[in-house]
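To start, the structure under review is shown below, and the notes come after it.
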Amino acid sequence: MTNSGTANGDAPVIRVDHVSRWFGNVVSVSDVTFDIRPGITGLLGPNGAGKTTLLRMITGLAAVSDGTITVFGQPVRNNPDLYGRIGVMSEHETVYQFMKGRDFVKMMARLRGVADLDAAVEKAIGLVDLADAAHRPMGTYSRGMRQRMRLAATLVHEPEILILDEPLNGADPRQRVHFQYLLKQLAAAGRTIVISSHILEEVEQIAETVLLIVNGKLAASGDFHAIRAALNERPYHVRIISDSPRELASALVKLESVDAVNIDPDGAIVVLSRNVRDLQIELPRLAQRASIRVRRVDPLDDSLESVFGYLVER
Amino acid sequence: MGSVYRLTLRQLSGRWRLLITIVLASLPVVMGLIATMVDDPPSNEDFEGIVINGMLAGSILPLVVLAIASAAFANEIEDRTLANLTLSPIPRWQIVVPKLLGAMTVAVPFIVGSAFITSQLYFDGDMTAVIAVTVGAFVGVALYSSVFIWAGLMTTRAIGFGLLYVFLWEGIFSGFVSGVRFLSIRHYSIALMHGLDERRFAGSDNLSFGVAIGASVVVFVLFLLLSVRRLRRMDVP
C-alpha cells in the first residue's frame with residue numbers, strides 16, 4: 001500500500017485493518033480486515049449484520065472502538081479535507097422536505113466547494129433523470145425520487161469514492177436498471193464504489209467483488225463469481241406437496257441431484273439437494289412420467305440469512 | 001458558511017415555532033402597555049423587577065431561545081440529515097458558527113424587539129434605559145443561544161434539560177444562592193442593563209459591569225468551543 005493519497009495502481013483506496021466497534025456490551029463489528037480497490041465492491045449481509053456501522057466508520061461518521069481505517073492512506077475520522085473526495089449516500093431517506101430538489105443539490109455542491117456550480121448541478125440532476133422534478137419541494141417526491149435526488153447530491157462534486165448504503169431501497173425496476181448502468185459507468189471511469197445491500201441478486205448484477213458480513217464479522221470476501229459458485233454447491237431443502245407422496249419420494253431418491261428424502265407427518269416431502277438446478281428440471285419430468293400431480297414446491301432455506309449461515313459454517 | 005446559515009434560518013422558521021415565539025415575545029409588550037394605561041402604574045422598581053427581570057430576562061427570553069437554538073442541531077440529528085453537513089470538506093466551526101448565527105437571527109428580532117418596545121413604552125422614550133434593556137436582552141439571546149446549541153448536540157432531550165436549567169438554576173437557585181449569580185446568564189443581562197443605565201436595575205446582588213462583560217464573553221466562547229468539540233467527537237447518525 002502506498003500513502004500517496006491517490007487511487008492509481010493496485011494500492012487499496014480504502015483499508016480497513018482489524019476494526020471493531022462495540023456499543024456497551026454489544027459487539028456490532030468484530031475484528032474486520034479488508035482492502036477496497038477501484039471498481040464496484042458489494043457489501044452484503046443480512047439486516048443487523050453490521051454493514052451500516054462499518055460504512056459509517058469508513059466514512060468517518062462513527063469512531064472505531066479498535067483498529068484503523070484509512071482512505072487514500074489517510075485516517076478518515078475528523079479529516080474534512082478528505083470529504084471532498086468522497087460521496088456518501090446513507091440509508092436514511094429523510095430529506096429537507098421544504099427544499100426544492102435543485103436547491104438541495106446546489107447546497108451540497110456549494111458545501112463541497114464545487115467551482116462551476118450551475119453546470120455541476122444540472123449534470124448531476126441529469127444523471128439521475130430528474131430534471132423535470134427538480135423545481136419541486138422534496139416533500140412532494142416519491143420514495144424513489146427522493147433516493148435519486150439524494151444520489152444526485154452525492155455525485156455533484158464528482159467524488160473519487162462513492163459509498164452507498166442500501167441505495168436501491170424504494171427504486172422501481174426501471175430505476176434499478178438505470179442506477180446499475182450509472183454505477184457501472186462511474187466504475188469504468190476509475191471510481192471506487194462501495195454499495196451495501198441485503199439482497200444478493202441486487203449486488204450480483206453490478207459488483208465484481210463482494211464482502212459478506214454476518215454478525216459483525218467478515219464471512220467471505222473476494223470475486224463474486226467464486227462466492228456464487230460456493231453458494232450453488234450448498235445443500236438446499238425443498239418442500240414438495242403432491243397427490244402421491246410415497247410414490248414420488250421413492251422416485252426422487254433415485255435422482256442424482258437428490259441427497260436425501262423425508263416425508264413429514266402432514267404428507268409433505270422434504271428433499272435435500274446439492275444440485276437444485278438439476279432438481280428443478282428433473283422433478284416435473286419425473287412427476288409427468290409417474291402421472292403424479294405436484295401441487296406445490298417451496299424452497300425452505302432460500303433466505304439470505306441461511307445463505308450466509310452456510311458460508312460462515314464452511 | 002452561507003449555505004448552513006440559510007438552511008438553519010429556513011429550518012428554524014417553522015410556522016408553529018414562530019407563532020409561539022410571537023405570543024411569548026408580545027407578553028412583556030402587553031404588560032408595558034397596561035402599565036402606562038392604568039391610573040396607578042407600578043413603580044419603576046416593581047416594573048423592572050417583575051416585567052424586565054422576572055418575565056423577560058428570567059422566563060420568556062430563555063424559553064424562546066431554548067425552543068429555537070436547541071432545534072438547530074437537534075432537528076438535524078433527529079431527521080438524520082446532519083451527515084449532509086459533517087461530510088462536507090469544511091472545518092466543524094464553519095458548521096457550528098452559522099448554526100449559532102441562524103438561531104440568533106431568528107430569536108433576536110422577537111426578543112430584542114420585545115425588549116425595545118416594552119422599555120420604550122414604560123420608560124417613555126428614555127433612550128438610556130431603552131438601550132440598556134435592549135443591549136441586555138441581545139446579550140442574553142447570544143449567551144442562551146450558545147448554551148442551547150451545545151445542549152442540542154449533547155442530548156436528544158435538550159428541551160427538558162433547558163427547562164430544568166431555566167426554572168431551577170436561573171429561576172430558583174440564582175435567586176436564593178448568592179454565589180450562583182456568577183454562573184447565571186440572567187444576572188449577566190441584568191448587570192449589563194444596570195451598567196449601561198445606573199439609575200435602574202440596582203439590585204443588591206448585582207454583578208459588576210466588568211464581571212458581567214467578562215463572564216458573558218467567557219460563556220459565549222466556551223459553549224461555542226464545546227459545540228465544535230462535540231461535533232468533532234460525536235458519532236453522527
Side-chain angles (χ1 to χ4, degrees), chain A residues 21 23 28 52-53 55-65 71 76-100 103-114 117 137-139 146 149-150 153-154 156-157 159 161-163 165, chain B residues 1-19 68 71-99 101-103 106 153-156 225-237:
Chain A
R21 174 66 203 239
F23 300 93
S28 177
T52 295
T53 304
L55 288 184
R56 290 181 62 230
M57 290 191 291
I58 289 174
T59 56
L61 287 174
V64 299
S65 299
V71 174
V76 69
R77 179 90 167 147
N78 285 325
N79 191 353
D81 289 343
L82 205 54
Y83 298 151
R85 303 170 73 179
I86 306 175
V88 180
M89 184 170 155
S90 69
E91 64 171 342
H92 308 296
E93 293 164 25
T94 42
V95 291
Y96 303 113
Q97 303 268 338
F98 54 83
M99 200 179 273
K100 292 170 185 167
D103 293 343
F104 175 58
V105 179
K106 191 177 272 190
M107 182 187 82
M108 298 298 277
R110 215 177 256 130
L111 284 170
R112 279 146 184 77
V114 173
L117 209 62
M138 289 192 290
R146 282 202 301 269
M149 199 53 94
R150 289 177 67 227
T154 306
V156 71
H157 59 300
I161 299 177
L162 269 176
I163 295 181
D165 194 0
Chain B
M1 289 209 290
S3 295
V4 182
Y5 176 72
R6 282 190 294 275
L7 173 70
T8 307
L9 284 186
R10 181 63 185 81
Q11 287 173 314
L12 297 180
S13 303
R15 194 182 303 158
W16 281 105
R17 185 176 284 115
L18 291 187
L19 191 65
I68 292 169
F73 277 111
N75 283 2
E76 297 257 20
I77 292 170
E78 196 176 318
D79 293 343
R80 295 172 184 266
T81 51
L82 184 56
N84 289 330
L85 308 181
T86 59
L87 287 173
S88 301
I90 53 175
R92 292 294 175 263
W93 69 266
Q94 289 189 17
I95 299 171
V96 173
V97 169
K99 284 277 179 194
L101 292 177
V106 176
L153 272 171
M154 289 301 291
T155 172
T156 52
L225 292 176
L226 284 174
S227 297
V228 174
R229 181 172 180 265
R230 171 68 179 162
L231 197 59
R232 277 203 195 109
R233 295 188 169 196
M234 69 186 289
D235 281 356
V236 177

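Note on naming: letters A, B, ... go to the chains in the order of the sequence lines (proteins, then strands), and numbering restarts at 1 for each one.
- When side chains are defined from C-beta on, B/Leu87 does not count as touching A/Leu111, because their heavy atoms never get closer than 4.5 Å.
- Heavy-atom neighbours of chain A within the stretch residues 8-15 of chain B, taken at a separation under 4.5 angstrom, comprise B/Arg10, B/Gln11.
- Counting only distance, with no hydrogens or angles, the side chain of B/Arg80 and the backbone of A/Glu93 share no donor-acceptor pair below 3.5 Å.
- A 4.5 Å side-chain heavy-atom check between A/Pro80 and B/Arg92 finds at least one atom pair inside the cut-off.
- To the nearest 0.5 angstrom, B/Asn84 atom CG is 11.0 Å from A/Met89 atom CE.
- Heavy atoms closer than 4.5 Å to chain A are found in the side chain of B/Arg6, but not in its backbone.
- Using a 4.5 Å cut-off between heavy atoms, A/Arg112 contacts chain B through both its backbone and its side chain.
- With a 4.5 Å cut-off on non-hydrogen atoms, A/Met57 does not touch chain B at all.
- A heavy-atom distance below 4.5 Å is found between the side chains of B/Leu7 and A/Phe98.
- In terms of heavy atoms, A/Gly84 sits closest to B/Pro89 at N-CB, 3.6 Å.
- Heavy atoms closer than 4.5 Å to chain A are found nowhere in B/Gln94, neither backbone nor side chain.
- At a 4.5 Å heavy-atom cutoff, A/Arg150 makes no contact with chain B through either its backbone or its side chain.
- Taken from OG1 in B/Thr86 to OH in A/Tyr83, the straight-line distance is 7.0 Å, to the nearest 0.5 Å.
- Scanning for side chain to side chain contact (heavy atoms under 4.5 Å, CB included) contacts around B/Ala74 gives an empty result, with sequence neighbours left out.
- Separating the CD atom in B/Glu78 from the OG1 atom in A/Thr94 is a distance of 10.5 Å, to the nearest 0.5 Å.
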